[in-house]
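Here is the structure we will look at.
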Amino acid sequence: MINERMQKEINEQINAEFWSGYLYLSMSAWFTQHNLPGFANWMYIQYQEEFTHGMKMYRYIHERGGEVTLKPIAKVDTNWKDGVAIFKQTLEHERKVTSLINKLMDTAHEIRDYATINFLNWYVDEQVEEEANAEELLGKLQMIGKDTAALYNLDKELSARVFVDSTLSAEE
Ligand code: FEO
């Protein structure tokens, strides 16, 4: 049976993961409306990934005999100045998510919930990748500046990204 405090905090994180997905879906819509389908594709995949991050926690709570409590999803931004502004927000947001995962880990250590420590390790690794991806694309966009040909090429490159459910590891 999962500890009540741990359960409450994981339920809050499910909401944060779904909110992240909602934010990235909104960003994907913005890119579609600004004729950048490759960036829209990349953000749409981010949205799908966030949903799986939330669902992995959802399944975990049930596996531990707990209760999932879904909370309302708060509103997200819908307009940005440009792609750089979007990726600045993405990087800032992912850094925040990393700190939320670290807080969950602190609780798990405090209450000696070894199963949850083990479970959260996946998210610790995932956040390293999430921050690196956002940082890389922000850097590329800043380098591109007003070079529309380079932007076109990067957009084309991003259209090749496909969704892979990375939460489904061998043991699941
Ligand atoms: Fe669920 Fe983008 O981390």
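In this chain, numbering begins with 1 at the start of the sequence shown. Computed from a prediction, not measured in an experiment: that's the story for all the values here. Counting convention: from 1, in listed order, for ligands and their atoms alike.
Residues Thr116 and Tyr60 bring a donor and an acceptor atom of their side chains to less than 3.5 Å of each other. Judged purely by distance below 3.5 Å, without hydrogens or angles, the side chains of Glu131 and Gln127 never pair a donor atom with an acceptor atom.
For the pairing with Met6, the side chain to side chain contact (heavy atoms under 4.5 Å, CB included) check across Asn11, Ile61, Thr107 returns one residue only, Thr107.
Within Glu50, OE2 is the N, O or S atom that lies nearest to atom 2 (Fe) of ligand 1.
Around atom 1 (Fe) of ligand 1, the angle linking His53 (ND1) with Glu17 (OE1) is 100°, rounded to 10 degrees. If you put the vertex on atom 2 (Fe) of ligand 1, OE2 of Glu130 and OE1 of Glu94 sit 100° apart, to the nearest 10°.
Heavy-atom neighbours of Lys71 NZ from other residues, nucleotides or ligands within 6.0 Å: above the threshold of 12.
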